[in-house]
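Working notes, structure below.
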Amino acid sequence: MEQKSIAATEAEITDEFSLFDTWDEKYEYIIDLGKKLPVLDNRFKLDQNKVRGCQSTVWVVSEYKEGKVFYQADSDSVIVKGLISMLVRVLSGHTPDDIIAAKLEFIDRIGMTSHLAQTRANGLRAMVKQMKNDALAYQLKNSSEAS
Amino acid sequence: MITSPEIQGGLDTALLRRQFPILERQVKGKPLVYLDNAATTQKPQPVIDALVEYYSGYNANIHRGIHTLAEEATAAFERTRDTVKEFINSACREEIIFTRGATEGINLVAYTWGRQHIRAGDEIIVSTMEHHSNIVPWQILCEEKNAVLKVIPINENGELLMEDFEKLLTEKTRLVAMVHVSNALGTVNPVKEIIAKAHAVGAAVLVDGSQSAVHLDIDVQDLDCDFFVFSGHKVYGPTGSGAVYGKLSLLESMPVFHGGGEMIKEVRFEKSTWADLPYKYEAGTPNIADIIALKAALDFVTDTGKERIRQHENELLALATSALEQIPGVRIIGKAAEKVSVLSFVVDKVHPQDLGILLDNRGIAVRTGHHCAQPLMDFFGIPGTTRASFAMYNTKAEVEALAAGLEKAIKLLA
Ligand SMILES: Cc1ncc(COP(=O)(O)O)c(C=O)c1O
């Protein structure tokens, strides 16, 4: 199966959200996503994989295979888990370059930034940052190995 | 006359709510249901008016000007001192020191009385249910002085184990710093008894009244506490206002806190001398507007009637407690026999933050997290709770909205 581009997946999520009229429905969907995201194995729930959000804990682990980054993530908050599952869906399986360049405008488009309280929006930004940092580390490792 | 069901508790909440403009607003398209009163209360119109009147009518720096505005501002500022004195029934106005709030008040006592009295090996006693504000200043002091912090344990209901407290009290105890009412559990602690027992071994007592000033009748003379602190913003007053009560003899003999203008009698490079009480502890330009408006808040509470407010809030607490107890998976944290209108709970398999988000989406404001009481959360073995706290303007309909919102949220999340 052809890997969808980051932008295409973003558009897909934006479309899915356009079906919802109310935040009740959006949350129901996000919670559902959160419940479906597989639980991260405990051996990955290490301090170095933690993203500190507002009150919840998020773990992000990544793996680099054949030039692409694959993410797994988990959270003790099911809503946060739903949010991060969207990030995983958008970013996982792409090259470090593409991940670093991703604008992730879908977060704004689905109304998340304006709806979430500031502190939680910061948490979301922290997750994005951690995922991009991982990609950056792989990119740097690549270029140092190439030189 | 037809009386609405809301008046049954002796308080006409419909009328009362009209005094709080913010209660008319919508949140996420729904009427605001504000149940985060233990964090801060909303402000009634007289408080807002007092702020506006000060800034638009007589804004001036106090205590040093001879012009009319300065005199008016000084008089208004000092009237609040008289009101605070009455509100907590201290013996004289010189015992009331204005601060930005409880945290600054506790730090004031730690840095002045604490530095003067605490020596190596001395012991300071706090309880498991303290707010971080009544832990950290004492930890800093203990570290500096090589003193020891001791902690009174509690039971599963969130009540102090008084026998253990008595065992902790020794001739080494210099201070007991104790929360009057727990912000996370609602527990009312038997501070009068604690004070008597502490005094019997020669220890002083600081009462953190952050949560009690708004709910209970405070009489510092009857309590016989050495210090009492509270924050104005939790008593329907402005943020940045608060007070420390200290016994006159202690305040007189304590070293100064902040140095600067206002707190001096004379300044010479060789040596300066300090102003009389209470100004000795009020360095610099204070929070004039907020302190002035604090009077309006305290008057509002007194005029509404603390006893009536308490009755009303207790009814809401009882109603909310029984409604929540019926929701499967809900476990109430804090079941003390003596409680104010604070209701903390956890829900099986549900993160408090998720509950908070979903309730907010229905316009219901609650607090989630550790409530600045991490050692207390550790005791219960939980990372945090969801907390609803009720004030004079809350209604039974709002309690029902909370219960309905919770049920819906739990169905989605669990
Ligand atoms: C019991 C208790 N102590 C101290 C404080 C600190 O009050 P402030 O932040 O207004 O200084 C609070 C506020 O949450 C409190 O509830």
Side-chain angles (χ1 to χ4, degrees), chain A residues 17 20-40 42 45 47 50-60 73-87 107 110-127, chain B residues 25-32 34 36 39-40 132 184 329 333 344-374 376-378 380-387 401 404-414:
Chain A
F17 270 80
F20 304 129
D21 295 324
T22 65
W23 270 97
D24 271 348
E25 292 168 323
K26 289 187 193 179
Y27 276 126
E28 213 173 315
Y29 184 65
I30 294 169
I31 289 164
D32 206 40
L33 291 178
K35 286 183 178 168
K36 282 186 187 140
L37 191 69
V39 176
L40 191 65
N42 270 340
K45 292 189 173 172
D47 265 356
K50 260 189 195 174
V51 185
R52 285 194 198 277
C54 173
Q55 293 169 15
S56 53
T57 310
V58 179
W59 295 269
V60 179
D74 203 349
S75 172
D76 51 356
S77 147
V78 67
I79 291 179
V80 173
K81 205 170 159 183
L83 295 175
I84 198 153
S85 102
M86 290 191 277
L87 291 173
I107 299 172
I110 64 175
M112 219 62 228
T113 351
S114 54
H115 188 82
L116 283 182
Q118 189 61 38
T119 42
R120 293 183 187 121
N122 287 346
L124 194 58
R125 265 191 288 279
M127 291 181 231
Chain B
R25 76 160 277 185
Q26 305 247 311
V27 166
K28 305 274 154 72
K30 316 218 171 45
L32 166 66
Y34 186 77
D36 194 15
T40 197
H132 296 165
I333 303 291
S344 246
F345 56 93
V346 291
V347 181
D348 281 348
K349 297 193 282 268
V350 173
H351 196 285
Q353 176 175 289
D354 291 338
L355 274 185
I357 292 175
L358 294 184
L359 288 173
D360 178 62
N361 195 43
R362 306 175 76 83
I364 303 170
V366 294
R367 185 141 297 245
T368 63
H370 55 56
H371 315 296
C372 293
Q374 282 180 336
L376 180 63
M377 298 296 123
D378 290 345
F380 283 105
I382 50 178
T385 73
T386 304
R387 180 188 74 188
L406 259 178
E407 261 181 300
K408 256 199 131 149
I410 292 169
K411 219 168 267 164
L412 266 182
L413 292 165

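Within the 4.5 angstrom heavy-atom criterion, atoms from both the backbone and the side chain of B:D354 approach chain A. Heavy atoms of B:A409 lying under 4.5 Å from chain A are absent altogether.
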Stepwise side chain to side chain contact (heavy atoms under 4.5 Å, CB included) check, A:T22 with B:N361: CA-CA 10 Å; A:T22 65; B:N361 195 43; over 6 Å; no
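Under the side chain to side chain contact (heavy atoms under 4.5 Å, CB included) criterion, B:Q374 pairs with B:H132, B:H370, sequence neighbours left out. B:A404 meets the side chain to side chain contact (heavy atoms under 4.5 Å, CB included) test with no other residue; sequence neighbours excluded. Legend: residues meeting salt bridge (charged side-chain N to carboxylate O under 4.0 Å, His left out) with A:D47, ordered by chain and number and at least two apart, are A:K50.
Among the candidates A:T57, A:D76, A:V78, A:V80, the single residue satisfying the side chain to side chain contact (heavy atoms under 4.5 Å, CB included) test with B:H351 is A:D76.
Taking CH2 of A:W23 as the reference point, atom CD1 of B:I357 lies at 10.0 Å (rounded to 0.5 Å). To the nearest 0.5 Å, atoms NZ (B:K408) and CD (A:E28) are separated by 8.5 Å.
Taking non-hydrogen atoms and a 4.5 Å limit, the residue list of residues 31-38 of chain A in contact with chain B, ordered by number, reads A:I31, A:K35.
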